[in-house]
2 protein chains.
Amino acid sequence: MTQQRTTKQFEAIRKAIDSAGRPLSIEEIHDVASRTVETVGQRTVYRVVRQLQDEGMIVGVSVPNGSDRYELASIASKHHHHFHCKACDRFFDVDGCPGGLKKMVPKGFVLEHHDLTLSGLCAACA
Amino acid sequence: MTQQRTTKQFEAIRKAIDSAGRPLSIEEIHDVASRTVETVGQRTVYRVVRQLQDEGMIVGVSVPNGSDRYELASIASKHHHHFHCKACDRFFDVDGCPGGLKKMVPKGFVLEHHDLTLSGLCAACA
DNA sequence: CTACTATTGGCAATAAATTGCCAATACAGT
DNA sequence: ACTGTATTGGCAATTTATTGCCAATAGTAG
């Protein structure tokens, strides 16, 4: 009985996300995985990322003006926000969360979630 | 000498954005303008919006998972944030701004802007 | 080692947003 | 009202992100 085979590609992709420490785009995952394994097709990255999402290991992060990023569900479940570097277009996790959001909600509106994105230059680009 | 003609379409589109009080998508602008003038092609909405952007009257607002919204530059210049209704997919302006963002910035990073999006249900949908 | 089949990956196809093209239309000066 | 041309708007084409297809490849059980 065979169900799930362990391939170099799958492992490379999983590890790339697992050790990134920040949300990665498909392209970034592809780049990182390609440094580990000789051949990794973009098609495979899309497929494995989808699978890991379905399994609940990672979650997608939608961003303005760009393709989705993916990060570990274990990190995403801890409330946090993101920093976007305008120079290298990478996203980083930041801790903390500003308070007093309820005051901003217009009358009659129901606040469920919020999303804060800081932007500027990352340490490497500054 | 002719340079800029005043057409019904142009006026309808400009007024739609001018009186919206919230950021509108191309589709929303098209819908509103179409209620004023019999014929307004989507193509024309794209063109006029671009023109108004170039002239500096309106600015584009990029959002995750969706096409750009457009709002008056006069409103955008006043620092504010947005509320996104998950039910009707409309965006609304909200006043106020949480403080203490600088504490969240990682060492070495340079904070230039920030963008907060509240989400949930608008008054009409709640 | 062999055979079976899960997985891969290149390329075409799709989906969604936006733009190019251009003939028809409708402002504006005379 | 007449004419010149700015503007319009339908449709095809483009762009970018993602998925379908399927023959080739490579894990894995025996």
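Naming convention: chains lettered A, B, ... in sequence-line order (proteins, then strands); numbering from 1 in each chain.
Taking 4.0 angstrom as the limit, B:Gln9 places a side-chain polar atom (N or O) nearer than this to OP1 or OP2 of D:dG9. Side-chain nitrogen and oxygen atoms of A:Gln4 include at least one within less than 4.0 Å of the OP1 or OP2 phosphate oxygen of C:dT7.
If you take CD of A:Glu11 and C1' of C:dA6, they are 15 Å apart, rounded to a whole angstrom. Between the CD1 atom of A:Ile26 and the P atom of D:dT18 there is a distance of 6 Å, given to the nearest Å. Look at NE2 on B:His30: it is 12 Å from P on D:dT8, rounded to the nearest Å. Put simply, NZ on B:Lys8 is 13 Å from P on C:dT25, counting in whole angstrom units. Between B:Arg5 atom CZ and D:dG9 atom P the separation is 15 Å, expressed in whole Å. A straight line from CZ of B:Phe10 to P of C:dA28 spans 12 Å, rounded to a whole angstrom. B:Asp89 has its CG atom 10 Å from the P atom of C:dA17, to the nearest Å.
In this structure, the side chain of A:Arg22 does not engage the main chain of A:Asp93 through any donor-acceptor pair within 3.5 Å.
The shortest side-chain heavy-atom distance between A:Pro98 and A:Leu116 falls under the 4.5 Å cut-off. Between A:Leu118 and A:Phe92 the shortest side-chain heavy-atom distance does not fall below 4.5 Å. Annotation: side chain of A:Pro64 is not in contact with side chain of B:Val63 (no heavy-atom distance under 4.5 Å).
Defined by atom type and a distance below 3.5 Å, a donor-acceptor pair is missing between the side-chain atoms of A:His81 and A:Asp115.
In this structure, the ring of A:His114 has its center less than 6.0 angstrom from the ring center of A:His79.
Recorded end-axis angle for the helix from C:dC1-D:dG30 to C:dT30-D:dA1 stands at 30°, based on five pairs per end and rounded to 10 degrees.
When distances run from any side-chain atom of A:Arg50 to the nucleotides C:dG9, D:dT18, C:dT18, the shortest one goes to D:dT18.
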Polar pairs (N or O, both sides) under 3.5 Å between protein and nucleotides 13-17 of chain D?
none

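Crowding of A:Asp31 atom CG: a count of heavy atoms from other residues, nucleotides or ligands under 6.0 Å exceeding 12.
At a non-hydrogen distance threshold of 4.0 Å, B:Arg43 from residues 35-44 of chain B come into contact with DNA chain C.
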Please list every donor-acceptor pair under 3.5 Å in which a side-chain atom of residues 34-61 of chain A meets a protein atom from a residue at least two apart or in another chain.
{"unit_1": "A:Ser34", "atom_1": "OG", "unit_2": "A:His30", "atom_2": "O", "d": "2.6"}
{"unit_1": "A:Gln51", "atom_1": "NE2", "unit_2": "A:Glu55", "atom_2": "OE2", "d": "3.0"}

May I have the list of side-chain donor-acceptor pairs in residues 100-109 of chain A shorter than 3.5 Å, sequence neighbours left out?
none

Step by step, would you call A:Glu11 with A:Lys8 a salt bridge (charged side-chain N to carboxylate O under 4.0 Å, His left out)?
CA-CA 5 Å; A:Glu11 285 305 300; A:Lys8 303 172 194 168; over 6 Å; no

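In terms of the side chain to side chain contact (heavy atoms under 4.5 Å, CB included) criterion, residue partners of B:Cys88 (sequence neighbours excluded) are, by chain and number, B:Cys85, B:Arg90, B:Cys122, B:Cys125.
You won't find any donor-acceptor pair under 3.5 Å spanning the side chain of A:Arg47 and the base of D:dT19, going by distance alone.
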